[in-house]
Amino acid sequence: MEVPTTFGGDDAAEMVTELRRNFLSGKTRSYEWRVAQLKNIVKFVEERETEIVDALRSDLNKPEFESVLFEISLLKSSCKVALKELKQWMKPEKVKTTLLAFPSSAEIVAEPLGVVLIISAWNYPILLSLDPVIGAIAAGNAVVLKPSEISPVTSSLLAKYVGQYLDSSAVRVVEGAVPETSALLEQKWDKIFYTGNAKVARVVMTAAAKYLTPVVLELGGKSPAVVDPDVNLKIAVRRIIAGKWGNNNGQACISPDYIVTTRDFAPKLVDTLKRELDRFYGKEPLQSPDLSRIVNSNHFDRLARLLDEDKVAGKIVYGGQRDKAHLKIAPTLLLDVPQDSQIMNEEIFGPLLPIIMVDKLEECYEIIMSRTKPLAAYLFTNRNNLKDQFVRTVSAGGLVINDSAIHLAVHGLPFGGVDESGMGSYHGKFSFDAFSHKKAVLYRSFLGDAPARYPPYTRGKMRLLSALMAGSILDIFQALAGWLTSARKEKSA
Amino acid sequence: MDQRSTKSLDELRETFKSGKTKTFEWRKAQLQSLLKMVTDQENKCFQALYDDVGKSKIEAFKDEVGPSKKAVVHALSCLKNWMAPKKAGIRLLFFPAKGEVVPEPYGLVLIMTSWNYPLDLALEPLIGAIAAGNAVVIKPSEMAPATSLFLANTIPQYLDNTAIKVIEGGPDVSQQLLQQKWDKIFYTGSPRVGRIVMTEAAKHLTPVTLELGGKCPIIFDYSSISSNLKVAIRRLTSAKWGACCGQACIAIDYVLVEEKFASSLVDLLKTLVRRLYGENIETLGNISRSVNKHHFDRVCNYLKDPAVAASIVHGGSYDEKNLLIEPTILLNPPLDSVVMNEEIFGPILPIITLKNIQESIEFINMRPKPLALYAFTHNNKFKKRIVSETSSGSLLFNDVLIQYICDELPFGGVGQSGMGKYHGKYSFDAFSHEKSVLYRGYFPDLSARYPPWNAFKLEFCRVGYKVDYFNLLLLLLGFRGYPKED
């Protein structure tokens with residue numbers, strides 16, 4: 001596909017007009033079209049796996065294992081769920097109607113919204129681009145995808161192959177940075193799906209308001225991991241490591257951002273973390289092939305600043321090595337950093353993990369709730385009453401008990417944030433719903449026409465209506481009988 | 001907004017934080033009190049609605065008091081069920097695990113209502129917000145002052161004042177309220193203000209439900225319903241003029257009919273309008289008035305366009321003193337006239353003729369998506385086409401307005417007619433965050449999840465994602481090969 005060098009407002013407008021025309025032709029609505037596109041996404045990731053792995057390696061130095069596991073396989077499994085369930089999802093949902101509307105039948109019909117825009121992020125540039133596209137296509141929309149310019153190799157890979165594998169009359173990729181995104185946001189869309197940070201999300205939602213476009217915002221936040229002393233420590237620690245450094249070296253929206261544990265237990269936790277980290281990444285973690293690098297020097301500098309803050313620098317208990325030339329930072333543990341430090345007040349999005357100590361574990365609630373609501377919150381414990389309390393008390397996009405980050409892969413659960421971590425959700429059926437309008441359709445017949453609905457309004461009609469609304473059969477009969485006699489009286493009078 | 005109001009917001013947040021509104025008992029008690037309020041104060045409701053829009057008692061009951069009561073009763077009977085976590089299907093790959101979706105309240109929510117159904121449009125969202133366990137501020141429309149005052153005086157008598165407050169005021173108060181951080185905003189009104197609300201909401205990333213309107217058409221397939229004409233005309237007439245005099249977001253805006261039937265349709269409508277609402281402006285009855293001078297003028301101005309005036313086939317007169325407008329029927333006003341490009345929200349009914357009724361689909365698709373689409377037809381093939389080829393908030397065949405009272409159906413718009421939905425369970429959902437919760441056991445813990453990565457682990461995950469348990473077992477037992485490292 002030819003990539004225009006400058007993409008301005010006019011190009012965007014022209015493209016949207018064309019896609020809207022193609023959407024209105026109805027082709028994207030057919031089951032066959034949707035299935036064919038979804039199958040081609042599977043074909044794309046299967047046939048181009050090596051190229052995808054290479055692109056992710058050059059953008060992020062992502063280990064092949066992570067690329068296959070979190071981007072390619074997850075995507076394939078998303079497609080397969082959609083392919084298997086699509087017929088079911090598309091089926092109108094029959095609903096019962098009230099007595100008041102009798103006789104009638106009703107259904108809820110899922111219809112595509114129209115032309116949708118998906119703006120994706122750089123940390124999982126394949127998954128976060130195509131996973132929403134799967135939902136948009138499954139729901140029968142025309143789609144424009146704008147991959148992140150911060151992962152340029154993957155972006156151009158998507159631009160090249162989406163045109164080749166998918167129907168380009170209804171699915172497009174626009175590459176670019178801020179000017180291109182602004183040009184896109186000026187257009188009228190039927191849905192905007194944005195993955196990224198809360199600052200840009202505000203810009204997206206403000207632009208969407210102009211055309212009353214609904215949005216899904218997939219953001220991040222400081223996702224805590226609370227570790228109870230009553231826990232299978234080794235497994236808990238391994239799962240924290242897998243969720244933190246095994247997820248793009250902490251550059252994931254759901255990776256644990258900080259740990260909360262008790263003061264007494266902290267030394268034991270730190271020791272186990274150190275031991276397992278050594279086992280996973282070796283004594284020279286900067287040389288480990290199993291860790292992603294930091295995406296670019298801006299982010300590297302940001303992370304370095306967090307580490308270099310005066311009140312934080314002395315708190316490093318493990319790691320801390322960095323290599324600016326190769327944009328690498330080692331897994332780093334910080335013990336007892338102050339709450340007012342920078343690192344505790346922004347999303348870390350990198351390989352640094354502060355550990356906060358409390359006297360009693362229940363104090364974790366105040367620490368978590370004093371911040372904006374995170375995308376995820378994790379609890380590691382064997383105590384059932386603590387689990388219940390945590391689920392009741394902590395508000396977050398999603399909660400995982402005794403594991404981290406894994407809920408992302410469960411298609412039966414909605415994935416999405418709340419408050420500063422976003423709005424709307426997706427994955428599995430929820431992706432389909434995110435890109436559908438649920439149209440209420442009510443079929444009535446002309447029978448069973450209650451004159452009480454029509455003026456002139458009388459007292460008897462009023463009684464009947466009250467009874468109908470209350471749904472009490474007995475009252476309805478009484479009111480009807482009373483109304484008929486009073487109607488007769490009125491007539492004879 | 002004065003200091004007192006700011007302080008009350010702090011108080012509401014404190015109440016929410018205390019966790020009191022989250023309990024089943026609190027929600028139930030509030031809903032019961034709300035039901036009691038509507039029941040006890042029925043006559044005051046009628047009076048307020050009469051004062052604001054001249055609504056007759058039965059219309060007030062049929063469209064406001066009745067639906068609100070029904071909604072509370074429904075919420076009370078379903079509340080436990082709605083609050084219960086929903087189990088989610090988990091694949092064996094994650095065994096042992098249990099997943100569920102737990103609905104939780106957003107926090108402090110703002111409900112901004114509209115003047116045309118000032119009672120029901122305040123109470124229906126309120127029921128959802130309470131059922132979901134939120135703290136609530138209601139800002140009633142200042143254009144329905146009697147109902148606004150009624151709500152402000154009565155709600156504190158019945159509901160928990162530390163968690164639910166009514167803040168009265170005009171656009172300036174709305175503006176100030178919108179500056180605050182809310183966890184959800186529910187707005188009913190016009191697309192113009194809808195945009196402002198969403199723009200302000202964006203500053204705090206607050207999710208919004210926008211209940212707007214639009215030009216709701218009715219497709220009148222005359223020939224196919226010829227045996228039911230009497231009922232059809234009755235439904236059309238009562239829906240247009242009986243629903244707050246056309247001042248309803250789902251009121252019929254215009255009629256699409258085949259050319260050859262236009263004059264018969266006009267005759268039938270005229271006869272019934274005279275019978276139901278009176279011969280002329282002097283004898284007008286059973287009909288609401290315009291809400292205020294501004295809206296009265298707006299509607300009358302549509303008729304001042306000479307081309308539109310020329311299309312009047314019935315009515316057209318008005319009574320400025322009482323803000324009454326006669327039911328007015330237009331036949332083929334110009335499509336570029338204002339009346340055909342704005343939501344009418346008044347007692348004017350344009351009839352647009354088409355050569356063939358099938359063309360109505362194209363006609364509708366060329367315009368912004370309406371909140372409701374009505375079609376009177378017995379032609380099943382045509383019904384199917386309408387369902388799949390047009391888009392609207394809701395779609396109703398052979399009746400009008402009644403979709404509003406079906407708790408089982410989501411009520412809400414799409415495109416220009418709004419976003420988000422409510423009624424019944426959907427009201428609860430509109431004010432709930434669906435939190436996903438995944439419980440995991442510790443065993444078995446697969447080492448393939450952890451670095452250092454090698455070819456075996458890679459193959460293991462590949463097979464795992466395919467949900468191919470047989471090969472997974474072979475691989476684990478060493479019976480299945482995998483590509484070795486380079």
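Atoms considered below: every heavy atom in the structure, side chains included; atoms not considered: hydrogens, waters and symmetry mates.
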Exercise. Are the side chain of A/H437 and the backbone N or O of B/S392 linked by a donor-acceptor pair below 3.5 Å?
Worked result: yes
Problem set entry | Contact winner vs chain A - B/F411, B/Y439, B/W241, B/Y106, heavy-atom pairs under 4.5 Å | B/Y439
For this session: Side chain from CB out, backbone as N, CA, C, O: work out which of these in B/K87 comes under 4.5 Å of a heavy atom of chain A, or both, or neither.
Result: neither
Exercise. With a 4.5 Å limit on heavy-atom distance, are the side chains of B/S394 and A/L442 in contact?
Worked result: no
Seminar exercise, completed: Max heavy-atom pairs within cutoff under 4.5 Å with chain B, candidates A/G424, A/G412, A/A440, goes to A/A440
Exercise. Do side-chain atoms of B/K435 reach the backbone of A/V394 as a donor and acceptor pair under 3.5 angstrom?
Worked result: yes
Exercise. Minimum heavy-atom separation for B/M198 to A/T213, with atom names?
Worked result: CE-O, 3.1 Å
Problem set entry | Per-residue contact mode, A/A376 against chain B (heavy atom under 4.5 angstrom) | neither
Exercise. With a 4.5 Å heavy-atom cut-off, do B/V387 and A/Y443 have their side chains touching?
Worked result: yes
Problem set entry | Region of A/Y211 that comes under 4.5 Å of a non-hydrogen atom in chain B | backbone
Seminar exercise, completed: Cut-off 4.5 Å, heavy atoms of chain B, and the answer for A/S288 is neither
For this session: Return yes if some donor-acceptor pair links the side-chain N/O of B/S436 with the main-chain N/O of A/G398 below 3.5 Å, else return no.
Result: no
Exercise. Which word best sums up how the rings of B/H378 and A/F446 line up, parallel for under 30°, tilted for 30 to 60°, or perpendicular for over 60°?
Worked result: perpendicular
Seminar exercise, completed: To the nearest 0.5 Å, atom CD of A/E111 lies from atom CG of B/L395 at 9.0 Å
Exercise. Ignoring hydrogens and geometry, is there a side-chain-to-backbone donor-acceptor pair from A/K439 to B/V414 under 3.5 Å?
Worked result: no
Problem set entry | Side chain / backbone / both / neither for B/K17 at chain A, heavy atoms under 4.5 Å | neither
Seminar exercise, completed: Applying a strict 4.5 Å limit to non-hydrogen atoms, the region of B/T390 in contact with chain A is both
Exercise. Can you tell which of A/V95, A/D403, A/V400, A/T372 has the highest number of heavy-atom pairs within less than 4.5 Å of chain B?
Worked result: A/D403
Seminar exercise, completed: Most heavy-atom pairs under 4.5 Å with chain A, out of B/S391, B/G418, B/P191, B/S227, belong to B/S391
Exercise. Between B/K181 and chain A, which part of the residue has a heavy atom less than 4.5 Å away: side chain, backbone, both or neither?
Worked result: side chain
For this session: For chain A, find which of B/Q416, B/Q403, B/K203, B/E434 contributes the most heavy-atom pairs closer than 4.5 angstrom.
Result: B/K203
Exercise. Any side-chain heavy atom of B/V101 within less than 4.5 Å of one from A/L413?
Worked result: yes
Exercise. Does the A/R29 side chain pair with the main chain of B/S388, one donor and one acceptor, at a distance under 3.5 Å?
Worked result: yes
Exercise. Is there a side-chain contact between A/K373 and B/H433 (heavy atoms, below 4.5 Å)?
Worked result: no
